[in-house]
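The model shown is predicted, which means the values in this text are computed figures rather than measured ones.
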Amino acid sequence: MKKILVSPFSRRSFLKTTGALVATTAMPFGMRSALAAGKLTVGFVYVGAKDDYGYNQAHAEGAAAVKAMEGVTVIEEENVAESVDVINTMESMINFDGAALLFPTSFGYYDPYVKETAPKYADVRFQHCGGLWKEGDPSNAGSYFGYIGMGQYLNGVVAGHMTKSKKIGFVAAKPIPQVLNNINSFLLGARSVDPEITCQVIFTGNWSLPVKEAEATNALADQGADVITCHVDGPKVVVETAAARGCYVCGYHVDQSTLAPEKYLTGAEWNWPSVYTDFVKKALAGEPIDNFVRGGLTEGFIKMSPLGPSVTEAAAKQFEAVKAEIMKGGFAAIKGPLKDNKGNVVATAGQAFPETDIALESMDYLVEGVIGSTN
Amino acid sequence: MTDASALGMWGVPLAILGGAIRVSTPFLFVSLGECLTERSGRINLGLEGTLVIGAMTGYAMSYHSGSPFIGVASAALAGLVFGLIHGWLCSFRHVNDIAVGISMMIVGLGLAFYFGKPYIQPTAPRLPSISFGWWSDIPQVQAALQVNVLFIAGAVLAFLMAWMFRNTRIGLTVRVVGDSTDAARTLGIRPTRVRVLATAVGGAFAGVGGSYLSLYYPGSWSEGIASGQGLMAVALVIFARWNPINCFWAALLFGGAGAIGPALQSVGITQGYYLFYAAPYVLTLGILVATSSTERAMTGAPGEMSITK
């Protein structure tokens, strides 16, 4: 709603002049020449409000860390839709604020919007969160993400210990690979404790629909799910509704323990401050940034919320053990023999997909034990 | 205690009932407000904005004062001011109420987002609910029958308004103004004043509806809190043929239909949930078609309203 409207006329005329500049000052890694002076303007684009107790807040915390760095100016824009709006926002950040490094942080921004815009601004770096940069995509674009599925696996381990009904619940926004990976990991974590456990998933259809999220949480509680987690942009409603229904909650995106101090078990959190300051340090030093960056618990891309007061000793013990295992690297939640919930084989005996496997990023199935459908 | 998962398919009708009670209140208040405004001959399309302003004001004031009821009262006041502005602007000659409504909606959303920034994070005291599920030992039934005080207030208000339209001088005045400006003038009524007041009170109702969203269900302030309830409520009024009691049933129907999507998924009927989510809208279309008439204009429509004139 807070869009800066750029009139096409002025943008076009501005493009002509910058276009000429680009030709003479383009740098190899797609970073503007202003860098030489040790100054950098960084733009962050969020799909929702930056204090949503969730996805956008996690990124905004990263932006705040960047803001504290020497020689860096940070500009931010909230509530930018995954539509042509994001192109307008990015172009205005480039043309009017002189941004040389952009972080469009929502999944849907990448294809086609970032991919279309990047070639027009060869001297600007587009670092997109969640996308899958491939060979052939613009070289001044890049994608980064964290193996947050591992965090959901750890959530599942604690949930597996805490559930009495052997049924856990997941409120999900859309059936995209990252969400499916989280759902599957949550269940597989719980099943590592007790293979009888099932996970009920309810899709709300979009990233931020508070009333539907509350209805979905209530429906899960009605069906006997007693540990609930979610993958929506702002988990506040899910956390509060689930706790009010007497269910345990595992958090997502950021620490939500203050919203349900008694019922909060743990949570899978992003750790963007460490990631973003790294990127910006590289940019300031004129070093190249890889086009494809991933990291997990070990690399400090994600972290877990401190265990809540209700977590039993057995649960805490296994949580710490599995966490140490994941920290060693190469941990696989998806490993054979494993079928999806339609009976198709996902992994044969002996086959494993470690957290780093790119195949996980095009996941299109829900594993056996998840009650739900991807369409 | 009964085994929770044994509820199975019974969860669906129960969820529809629970959803009807939980989700319908904002629809109810906005549609009652709109009903009053339209009965006086004006349309206020800005109620979506008023709803969001009400949600924000209610949450903010509940947070600052520590009392959710002060929150509700403030939300009503904010709605009243928005209604007054709409009513006042529309009193000028050649000002179109639909255009004003759309602008007021956008202004309302913008103001609410702007002033609401600091209130996304804090947790404010919520409205209490009354448990009508004491007779059952099934926790799901008890949960579904947690009825909020505003829902009860809204239901009472619907019947009170119907009675008012039929049996009181105020009701007659509003109806006359809505049906014929000339007739109202003949009776010595000042139509503009009545319309401004009806729009203001209608706005206050919508504000209360908004405070329900942020103070009870889903129970927190965020920028995505209203997903078109304010706009749908305007359609509900037409659907309810400008009758407050029908508004109540229509709101219940809408609330219940909205619960179908999550409820069906929760019992394992998971294919095509996007379609289930469209259920309330399909239902509206269906009923509008079923109750339409080829012979008469819209039954019950106030004669002075710009869309029916």
If we ignore hydrogens and angles and just use 3.5 Å, is the side chain of B:Q265 paired with the main-chain N or O of A:F203 as donor and acceptor? yes
With a 3.5 Å distance limit and no angle check, can you tell me whether B:Q140 reaches the backbone of A:A219 through a side-chain donor-acceptor pair? no
Contact origin within [X] toward chain B - heavy atom pairs under 4.5 Å:
| X | value |
| --- | --- |
| A:V201 | backbone |
| A:E213 | neither |
| A:D52 | backbone |

B:Y63 atom OH, neighbour heavy-atom count above 12 within 6.0 Å: no
Just wondering, more than 12 heavy atoms not from A:K174 lying within 6.0 Å of its NZ? yes
Output every pair passing side chain to side chain donor-acceptor pair (under 3.5 Å) with a member in residues 234-246 of chain A, not counting sequence neighbours, ordered by first then second residue. A:N218-A:R245, A:D222-A:R245, A:K236-B:Y59, A:E240-B:R126
Give, for atom [atom1] of [X] and atom [atom2] of [Y], the distance between the pair rounded to the nearest 0.5 Å.
| X | Y | atom1 | atom2 | answer |
| --- | --- | --- | --- | --- |
| B:S266 | A:K167 | OG | NZ | 7.0 Å |
| B:I260 | A:E215 | CD1 | CD | 11.0 Å |
| B:L264 | A:I202 | CG | CD1 | 9.5 Å |

Which atoms of [X] approach chain A - backbone, side chain, both or neither, heavy atom under 4.5 Å:
| X | value |
| --- | --- |
| B:P118 | neither |
| B:Q121 | both |
| B:Q229 | side chain |

Who among A:I371, A:T217, A:V237, A:D51 has the most heavy-atom pairs with chain B under 4.5 Å? A:D51
Filtered by a 4.5 Å non-hydrogen cutoff, the part of residues 247-256 of chain A contacting chain B is none
Inter- and intrachain pairs under salt bridge (Lys or Arg N to Asp or Glu O under 4.0 Å), touching residues 49-62 of chain B, at least two apart: none
Would you please go through residues 213-222 of chain B and name the residues with a non-hydrogen atom below 4.5 Å from one of chain A, in numerical order? B:L213, B:Y217, B:P218, B:G219, B:S220, B:S222
